[in-house]
Protein chains: 2
Amino acid sequence: MELNIYIELLKNKNLKVTQHRLEILRFLDKNRTHPSLEQVYSYIKEKFPSISKMTVYNVIDSLIENKIINSMRFVNSTELHVDFEIDTHFHFVCSKCGHIYDIDSELDLEKILKNGGHKADDYNVNIYGVCKKCLKK
Amino acid sequence: MELNIYIELLKNKNLKVTQHRLEILRFLDKNRTHPSLEQVYSYIKEKFPSISKMTVYNVIDSLIENKIINSMRFVNSTELHVDFEIDTHFHFVCSKCGHIYDIDSELDLEKILKNGGHKADDYNVNIYGVCKKCLKK
DNA sequence: TCTTATATTGTAATTGTTACAACTTGGAGC
DNA sequence: GCTCCAAGTTGTAACAATTACAATATAAGA
Ligand SMILES: [Mn+2]
Ligand SMILES: [Mn+2]
Ligand SMILES: [Zn+2]
Ligand SMILES: [Zn+2]
């Protein structure tokens with residue numbers, strides 16, 4: 001059963017395996033649209049009508065903190081967005097349709113931070129513009 | 001008089017030259033620390049004690065919209081930050097001291113978006129980690 | 001100086017996030 | 001399985017960032 005994937009992700013980080021965490025992980029895995037917390041909450045509420053929004057915040061926090069998922073903010077949005085994909089990639093945000101595209105690319109941090117002395121853990125690259133689809137209209 | 005620089009920036013975009021806009025521009029030019037709106041408001045209130053926070057939002061909005069200044073959000077902060085510098089560069093955010101460093105680098109958008117069909121206007125690169133100074137402690 | 005489009009203001013509403021304390025539950029050890 | 005406790009969940013309330021809006025004031029062109 002595929003749920004085992006998520007169970008392992010959690011166990012590897014010594015996180016308790018709860019129904020909420022499993023369902024949120026599954027949702028994020030199947031929906032790679034970079035949903036906001038509100039969107040995660042809307043979805044999860046259908047499965048667990050009595051779930052608290054605080055639980056969504058808590059679950060997401062623990063997943064981010066343990067690097068099981070990624071998070072990002074965009075200039076034009078006031079809320080945190082999350083991404084099941086943790087491997088390095090960029091994002092393209094369309095100002096017309098709002099869609100957030102994955103862009104397969106990565107930074108050469110070594111080169112960029114050359115002799116600057118800073119130690120990087122992570123990064124986000126957000127590109128803003130008009131997407132292919134919207135350009136065709 | 002140096003204020004002329006800011007007056008021209010505004011006139012070139014057909015924006016009215018107001019004391020508030022001038023003072024906010026001067027503040028951002030002299031303080032390249034990527035302040036949040038709250039920080040801009042705190043400062044400007046000393047010069048214009050009766051200024052409304054809404055004016056700060058309006059001024060900043062108009063400056064961003066007209067590409068006179070830049071704006072960005074960081075995953076660990078809930079508020080918009082602004083930057084007088086509009087030329088392309090990256091940012092490094094220290095998780096210890098919170099300082100936001102400018103990193104002199106740029107993306108090769110052509111290469112990154114190759115045949116993807118999207119049209120980019122702008123981008124933000126945020127790198128997270130521990131800065132030089134904090135590493136020395 | 002007059003006029004008008006634009007900017008400012010204050011207030012209130014909305015939205016996103018955090019704090020906290022009481023209650024519940026997963027899973028380790030028996 | 002049963003017991004126990006650390007970790008997770010819940011609800012509520014506070015707080016913070018942002019937006020909406022309508023009334024008033026002002027910059028700048030005629
Ligand atoms: Mn992604
Ligand atoms: Mn900068
Ligand atoms: Zn689009
Ligand atoms: Zn630091």
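Rounded to an integer number of Å, the gap from NZ of B:K53 to C1' of D:dA20 is 16 Å. Atom CG of B:N58 and atom C1' of C:dT11 are 14 Å apart (whole Å). Between the C1' atom of C:dG10 and the NE2 atom of B:H20 lies a distance of 14 Å, rounded to the nearest Å. For the pair B:R73 CZ and C:dG16 P, the interatomic distance rounds to 11 Å; values are reported in whole Å. The interatomic distance linking A:Q39 (CD) with C:dT15 (P) rounds to 14 Å, in whole Å. In this structure, CD of B:E38 is placed 9 Å from P of D:dA16, rounded to the nearest angstrom. Distance A:E23 CD to D:dT9 C1': 17 Å, rounded to the nearest Å. One interatomic measurement links the two molecules: CG of B:N14 to P of C:dA5, which rounds to 15 Å at whole-angstrom precision.
The cluster map of Ile, Leu, Val, Met, Phe, Trp and Tyr, joined by side-chain heavy atoms under 4.5 Å apart, puts B:I64 and B:Y123 in different clusters. Both B:Y57 and B:L28 are part of a single hydrophobic cluster, where members link through side-chain heavy atoms under 4.5 Å apart. Under the 4.5 Å side-chain heavy-atom criterion for grouping Ile, Leu, Val, Met, Phe, Trp and Tyr, B:F92 is connected to B:L107 within one hydrophobic cluster.
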> What does nucleotides 23-30 of chain C look like as a protein-contact string, B for base, S for sugar-phosphate only, - for none, at under 4.0 angstrom between heavy atoms?
Replying inline: ---BS---
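With DNA chain D read from its 5' end, the first of the two nearest nucleotides for B:T78 and B:M54 is the one closest to B:T78.
Contact detail for A:L10 and A:K16: the closest heavy-atom pair is CD1-O, 4.2 Å.
Between A:H91 and A:I127 the shortest side-chain heavy-atom distance does not fall below 4.5 Å. Side-chain contact between A:N124 and B:Y128 is present, with heavy atoms from C-beta onward closer than 4.5 Å.
Within a 6.0 Å sphere centred on NZ of B:K30, heavy atoms belonging to other residues, nucleotides or ligands number more than 12.
No contact: A:S36 has no heavy atom under 4.0 Å from any strand.
Distances were taken from every side-chain heavy atom of A:T55 (C-beta onward) to each of C:dT8, D:dT18, D:dT9; the shortest belongs to D:dT9.
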